[in-house]
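Encoded as structure tokens, the structure appears first; notes follow it.
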Amino acid sequence: MRIHALPPQLINQIAAGEVVERPASVIKELVENSLDAGASRIDVEIEQGGIRLMRVKDDGQGIHREDLALALARHATSKISDLSDLERVTSMGFRGEALPSIASVSRLGISSRAADSESGWRVSADGTADVDQPSPAAHPAGTSIEVRDLFYNTPARRKFLRTEKTEFGHIENLLRQLALGHFNVAFSLRHNRRETLILPVAKQRVDQERRLVEVLGPAFLEQAIYLEQAHAGLRLTGWVAHPTFSRSQGDMQYFYVNGRAIRDKLVTHAVRQAYRDVLYHGRHPAYVLYLSIDPVMVDVNVHPTKHEVRFRDGRTVHDFLFRTLNHALSDTSPGQAVDPETGEILPVAATADQPPGVTFGAEAQQPFRFKIRERSSGYQPSFDIQHPGEPGSAAQQGPGGLIPPLGYALAQLKGVYILAENDEGLVLVDMHAAHERITYERFKKDRHNSGIRSQPLLVPVTVAVSRREADLAESQQEMFRGLGMEVDRLGAESLVIRTIPVLLQGTDPERLLRDLLSDLVVFGDSKRVESEIDQVLATMACHGSVRANRRLTLEEMNALLRDMEATERSDQCNHGRPTWTRLEMKDLDRLFLRGR
């Protein structure tokens with residue numbers, strides 16, 4: 001066949017295959033255009049899951065009469081002018097392909113009035129190359145775009161659409177995602193003339209959290225930690241859920257870069273690494289996070305749907321995300337509290353005469369002594385608190401008049417749970433899970449202080465790699481030594497492993513090295529050795545922790561509670577299970593119908 005130029009309409013329909021997958025794809029492009037136009041309110045109306053009608057109306061800047069027809073021409077845009085603009089894109093869209101692509105597979109109409117114009121204008125297209133001349137139309141400042149009969153002229157595409165309910169579900173999820181990324185804009189959604197979503201502007205933190213509840217449900221916010229951290233030109237804000245609120249799938253993972261929702265493997269890896277110590281196997285964390293970065297440092301022009309980005313310094317971004325999230329999650333111990341106004345994680349108030357943490361087990365030093373006593377009215381679990389060396393002293397509320405977050409032990413249930421009383425009511429602690437976390441964190445701290453010990457391999461292992469991997473390994477000698485490994489270059493495409501960490505003896509050195517190199521190539525960093533060592537330490541902690549059915553004295557129970565309050569991540573065991581829970585007095589009153 002001879003080479004020939006494709007007709008413009010066919011070009012547009014081919015382009016539509018990249019950006020218009022289903023009705024939700026159309027809504028994404030139209031709503032993003034409204035956001036770029038500076039809209040403060042966006043109303044979306046849908047009929048029959050978007051197949052029959054999609055209408056997006058905004059109060060943005062509007063389109064001038066002279067630009068209306070140009071808006072339906074390929075590669076026509078108001079958002080970039082030259083290459084320097086493309087290198088620091090701040091708008092949601094910029095390619096100039098969305099509207100002509102949509103117009104090529106539907107019946108499309110645009111009505112708009114520019115903010116500085118006295119009258120509105122309308123232009124339409126019907127799936128052909130022809131575009132009508134603008135005609136006068138009554139319209140407030142802003143733009144309305146109607147898309148009717150999607151894929152009416154491409155039946156092969158239309159037959160791949162799902163049911164009305166399914167297609168609308170995709171639209172609803174998309175609009176919720178966009179709404180979480182733009183709190184300064186009000187959104188509404190109507191389906192078949194029924195209001196399904198109303199989200200007012202949410203500029204204040206309390207209003208933003210109301211929107212979170214509307215989109216994700218109250219349980220997420222109840223289990224979420226608010227964070228805000230800035231470093232080296234990067235700023236991360238948002239909410240991360242406690243590990244115990246993990247999901248069976250990644251359906252509550254929202255990550256935004258400069259307001260743009262993305263799915264990025266570097267980001268996902270950093271988040272998973274931060275949760276690795278506290279997340280149950282096979283579960284997914286929940287989060288809503290916002291990364292602000294200089295637009296020059298991120299390339300958003302790597303995918304037609306703009307779901308992916310490329311960071312200029314991926315290693316710095318990965319490290320910043322990991323450290324920020326890891327710190328936030330490590331502060332989730334019973335000894336921490338969250339300020340209801342700011343959302344900041346705060347330590348529990350302490351006084352000069354408040355007792356220091358008491359170590360549980362063989363390392364316990366001068367624990368406070370508790371004793372059960374009977375009262376004349378019958379048996380009542382109570383306690384006297386005696387300072388070491390002061391056997392006669394007693395204070396019902398404890399030293400300094402403060403009751404610790406986990407309170408004081410009352411008894412042990414079935415050799416498994418510790419029952420304690422604090423200011424709010426009853427505390428129940430899984431003693432094995434709690435001690436497992438305490439022991440594990442102590443092992444990690446010891447490893448951090450003494451470093452990773454290495455041992456030489458009896459027979460060094462030679463590994464064939466690519467030239468790029470060999471160059472990378474040669475440049476990362478210091479990192480390998482810090483991980484307890486000695487890796488030398490033998491030739492252009494050959495490495496030799498001479499030592500590995502003591503705790504990983506018996507592992508496959510070649511597999512470990514290849515996994516490390518893979519991480520370095522993709523993410524610029526690797527926590528793989530630390531992760532595998534942590535798994536060994538977790539196993540050791542599990543075997544070294546107090547077992548079920550062991551009877552504990554009140555001294556030991558209270559020492560365990562104090563250690564929990566002083567230990568990072570002690571809200572969860574090493575496998576992501578909760579270590580304690582609380583029943584407040586109002587919960588107990590509800591169980592026994594008190595006050596009714």
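What's counted below: heavy atoms across the whole structure, side chains too, no hydrogens, waters or symmetry copies. Nothing fancy with the numbering, it's 1 onward along the sequence. All figures in this text were calculated on a predicted structure; none of them were measured in a lab.
- The aromatic rings of Phe320 and His231 sit parallel to each other, their planes meeting at less than 30°, with 60° as the upper class boundary.
- Judged by the 6.0 Å distance and 45° axis criteria, Lys444 is positioned over the aromatic ring of Tyr440.
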Next on the checklist: Pair Val123, Leu108 - check side-chain contact (heavy atoms from CB on, under 4.5 Å), show working.
Outcome noted: CA-CA 9 Å; Val123 70; Leu108 182 144; over 6 Å; no
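- To the nearest 0.5 Å, atom CG of residue Asp67 and atom CG of residue Leu72 are 11.5 Å apart.
- Rounding to the nearest 0.5 angstrom, the gap separating the NZ atom in Lys165 from the CD atom in Glu172 is 11.0 Å.
- Heavy atoms only, all atoms of each residue included: Arg569 and Val278 are closest at CD-CG1, 3.7 Å.
- A heavy-atom distance below 4.5 Å is found between the side chains of Arg235 and Thr237.
- Rounding to the nearest 0.5 Å gives a distance of 10.5 Å between CG of Leu329 and CD of Glu568.
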Item to check | Derivation and outcome, side-chain hydrogen bond (donor to acceptor under 3.5 Å, both in side chains), residues Ser144 and His139 | outcome: CA-CA 9 Å; Ser144 296; His139 197 278; 2.7 Å; yes
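- Between Arg148 and Glu146 a salt bridge is recorded (basic side-chain N to carboxylate O distance below 4.0 Å).
- Side-chain N or O atoms of Ser330 include one that pairs as donor or acceptor with a backbone N or O of His327 at under 3.5 Å.
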Item to check | Glu164 vs Asn192, side-chain hydrogen bond (donor to acceptor under 3.5 Å, both in side chains): CA-CA, chis, key distance, verdict | outcome: CA-CA 11 Å; Glu164 175 181 326; Asn192 294 336; 2.8 Å; yes
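- A salt bridge links Asp587 with Arg590; the closest basic N to acidic carboxylate O contact falls under 4.0 Å.
- Looking at heavy atoms from C-beta onward, Ile110 lies out of side-chain contact with Ser124 at the 4.5 angstrom threshold.
- With Tyr254 as the partner, the side-chain contact (heavy atoms from CB on, under 4.5 Å) test is satisfied by one option alone out of Leu180, Leu212, Leu289: Leu180.
- For the pair Ser570 (side chain) and Met564 (backbone), a donor-acceptor distance under 3.5 Å is present.
- Remark: Arg157 is not positioned above the aromatic ring of Tyr152, lacking an NZ or CZ atom under 6.0 angstrom from the ring centre and at most 45 degrees off the axis.
- Taking His64 as the reference, nothing meets the ring-ring contact (aromatic ring centres under 6.0 Å, His included) condition, with sequence neighbours excluded.
- More than 12 heavy atoms of other residues, nucleotides or ligands shown are found within 6.0 angstrom of CD on Glu195.
- Here the rule is side-chain contact (heavy atoms from CB on, under 4.5 Å) with Arg582, and of Leu426, Leu428, Asn422, Val429 only Asn422 fits it.
- Side chain of Glu214 to main chain of Leu199: no donor-acceptor pair is present (N/O by atom type, distance under 3.5 Å, no hydrogens or angles).
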Checklist entry - Gln223 and Thr244: side-chain contact (heavy atoms from CB on, under 4.5 Å), yes or no, with the steps? => result CA-CA 8 Å; Gln223 295 290 327; Thr244 48; 3.9 Å; yes
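- Judged purely by atom type and a 3.5 angstrom limit, Ser34 has no side-chain atom pairing as donor or acceptor with the backbone of Ile42.
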Checklist entry - Step by step, would you call Asp319 with Arg315 a salt bridge (Lys or Arg N to Asp or Glu O under 4.0 Å)? => result CA-CA 6 Å; Asp319 188 59; Arg315 182 169 184 172; over 6 Å; no
Item to check | Stepwise side-chain hydrogen bond (donor to acceptor under 3.5 Å, both in side chains) check, Ser40 with Asp59 | outcome: CA-CA 6 Å; Ser40 62; Asp59 62 353; 2.7 Å; yes
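- In terms of modelled atom types and a separation under 3.5 Å, the side chain of Arg158 and the main chain of Leu150 share a donor-acceptor contact.
- The line from CG of Asp264 to NE2 of His269 is 12.0 Å long, rounded to the nearest 0.5 Å.
- Residues Phe168 and Thr163 form no side-chain contact, since every pair of their non-hydrogen atoms from C-beta on lies 4.5 Å or further apart.
- With no hydrogens or angles considered, a side-chain donor-acceptor pair links Arg276 and Gln273 at under 3.5 Å.
- Between the Ser25 side chain and the Arg22 main chain, a donor and an acceptor come within less than 3.5 Å of each other.
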Next on the checklist: Walk me through whether Val201 and Phe183 qualify under side-chain contact (heavy atoms from CB on, under 4.5 Å).
Outcome noted: CA-CA 6 Å; Val201 170; Phe183 288 115; over 6 Å; no
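- In this structure, the side chain of Glu421 does not engage the main chain of Val427 through any donor-acceptor pair within 3.5 Å.
- Side-chain contact between Met252 and Phe220 is present, with heavy atoms from C-beta onward closer than 4.5 Å.
- For Arg162, the CZ atom sits in a loose shell: 12 or fewer heavy atoms of surrounding residues, nucleotides or ligands are nearer than 6.0 Å.
- Counting heavy atoms from C-beta outward, Leu236 and Leu227 have side chains that approach closer than 4.5 Å.
- Looking only at side-chain heavy atoms (C-beta outward), Phe311 and Leu291 come within less than 4.5 Å of each other.
- Within 6.0 Å of CZ on Arg283 lie more than 12 heavy atoms contributed by other residues, nucleotides or ligands.
- With a 4.5 Å cut-off on side-chain heavy atoms, Phe187 and Val44 do not count as touching.
- A salt bridge does not link Asp571 to Arg437: none of the charged side-chain nitrogens sits closer than 4.0 Å to a carboxylate oxygen.
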Next on the checklist: Evaluate Arg272 against His284 for side-chain contact (heavy atoms from CB on, under 4.5 Å), listing each step before the verdict.
Outcome noted: CA-CA 8 Å; Arg272 294 290 301 185; His284 299 266; 4.0 Å; yes
Next on the checklist: If you apply the rule side-chain hydrogen bond (donor to acceptor under 3.5 Å, both in side chains), what do you find for Ser106 with Asp149, and how did you get there?
Outcome noted: CA-CA 6 Å; Ser106 68; Asp149 303 324; over 6 Å; no
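- Within the 3.5 Å criterion, the main-chain N or O of Pro200 finds a donor-acceptor partner in the side chain of Arg211.
- Looking only at atom types and distance, the side chain of Ser188 has a donor-acceptor partner in the side chain of Asp43 under 3.5 Å away.
- Checking side-chain atoms of His242 against main-chain N and O of Ala224 turns up no donor-acceptor pair under 3.5 Å.
- Remark: of the listed residues Val147, Asp58, Thr143, Leu35, Val147 is the sole one forming a side-chain contact (heavy atoms from CB on, under 4.5 Å) with Leu30.
- Side-chain contact between Ser292 and Asn258: present, with at least one pair of heavy atoms (C-beta onward) separated by less than 4.5 Å.
- Here Asp207 does not pair with Lys203 in a salt bridge; the nearest charged N to carboxylate O distance is not below 4.0 Å.
- Side chain of Arg190 to main chain of Arg193: a donor-acceptor pair is present (N/O by atom type, distance under 3.5 Å, no hydrogens or angles).
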